[in-house]
Amino acid sequence: MPAYLTDRLLDPTALVESVASPGCGATSLFLGTVRRAPEDGDLEGIEYSAYPEMAEAEFERIVAEARERWPEACIALRHRTGYIAVGEASVAIAVASPHRAQAYDCSRYLIEETKKRVPIWKKERFASGAAEWVEPMHV
Amino acid sequence: MPAYLTDRLLDPTALVESVASPGCGATSLFLGTVRRAPEDGDLEGIEYSAYPEMAEAEFERIVAEARERWPEACIALRHRTGYIAVGEASVAIAVASPHRAQAYDCSRYLIEETKKRVPIWKKERFASGAAEWVEPMHV
Amino acid sequence: MRVRVRFFASYAEAFGRQEMGLDLEAGASVADCVAAIRADPAASRLPPSPLVAVNQRYARPETPLAEGDEVALIPPVAGG
Amino acid sequence: MRVRVRFFASYAEAFGRQEMGLDLEAGASVADCVAAIRADPAASRLPPSPLVAVNQRYARPETPLAEGDEVALIPPVAGG
């Protein structure tokens, strides 16, 4: 399966290897990591939850769209759920293709659509014990 | 040093970790790998050679330009020299930044400029024993 | 007809549950289903037009429902 | 004045060497240096306007040279 949810650590090298083939000269790996900006105070990590059946169905639809636009791309997409500490990756997208423009563009498409459409939610966890749902503005 | 030549295997995970920081939520890793297209016949690998002093000076200039355009980006760039077999990476570029647009755009800039400007050359090696310089069209 | 309604994330917290069964008139639409859900006082937490998925796919308010459908109220997504 | 000329990749093969010293008149430019290199029969391998670097930086034909400069003839680059 090219795209799924997981509760395990994401492994960049394994993901890159999973899409490699002799005909592909370019691989793009994107990692989204839990970030603590200066305004985030004592943020320690984020709890990710999902609507798993729909998230995986939506991943399949997004990957199918990407394959239609970039038929030569090999795609692997993983999204973690559960608690993820600052600095750890929540999402990893590897795309290999014969030439680099396809790899960059396809990777960008996959992350943009994932963020827009896949039913996954974040709850920020602070050292103080406070917890807050992340409510994006693009509702 | 953010950018240099090496004769060692490129390690995606190590490179990604080298640019990580808590304030960065996005990491883009680009790998250029030696590719065998159907028209390449019995290509086994490519011998990379460089003008090392100038290649590293040019890398420094390219990285300085990228930092001016994307001041928040953390950059690591490695280019292998010597013999590289089909499927192995010849170049790896890791960029971490607070947000993903910077990481993608900065990575793309670095690979495009590297290919245009850095004095590195390729000689294709075939199973037959034949060897051929790669002469790009953009002379 | 009966549908299964699912709540997630902040909506699950607001409603104090993750799912419920709901009886609707034959031919009811997604909008009718949302209107029925609004009978619950916890529904004040819902935006004017919440995102809805039917059987794991985003659906429009006018989409007709069928017996046994899974209707999910989707809070603003924040993956990645 | 004397400059050091370096050849790489296909040019090094064509010239059968990786470098040579070259005596030029004071005030000579990159173009003058390339013209002097063309005295070598191997120079038929060079394109009409080869890329040249002076002291590890790309230089234009009119760039003036100085004693001890490192002038490199750069074949079409193919990195990445």
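Reminder, nothing fancy here: chain letters follow the sequence lines and each chain counts from 1.
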| query | Of the backbone (N, CA, C, O) and the side chain (C-beta and beyond), which part of A:A101 lies under 4.5 Å from a heavy atom of chain B, both, or neither? | reply | both

| field | A:V34 versus A:A85, closest heavy-atom pair with distance | value | CB-O, 3.7 Å

| B:E56 side-chain N/O to B:L5 backbone N/O, donor-acceptor pair under 3.5 Å | yes

| With a distance cut-off below 6.0 Å to the six-membered ring centre and an angular limit of 45° from the axis, does B:R100 pair with A:F30 as a cation-pi contact? | no

| note | Bottom line for A:A26: the part with an atom under 4.5 Å from chain B's heavy atoms is both

| said: Taking side chain as everything from C-beta outward and backbone as N, CA, C, O, which of these in A:S107 sits under 4.5 Å from a heavy atom of chain B? Side chain, backbone, both or neither. | reply: both

| said: Tell me which one of A:R35, A:R8, A:R80 satisfies salt bridge (Lys or Arg N to Asp or Glu O under 4.0 Å) with A:E88. | reply: A:R80

| message | Quick check on the interface: out of B:A14, B:G87, B:P12, who has the most heavy-atom pairs with chain A under 4.5 Å? | response | B:P12

| said: Can you tell me which of B:R108, B:E17, B:R36, B:E112 forms the most heavy-atom pairs within a distance under 4.5 Å of chain A? | reply: B:R108

| message | Please rank A:T13, A:D11, A:V95 by heavy-atom pairs under 4.5 Å with chain B and give me the top one. | response | A:T13

| field | A:G82 backbone acceptor or donor facing A:D7 side chain under 3.5 Å | value | no

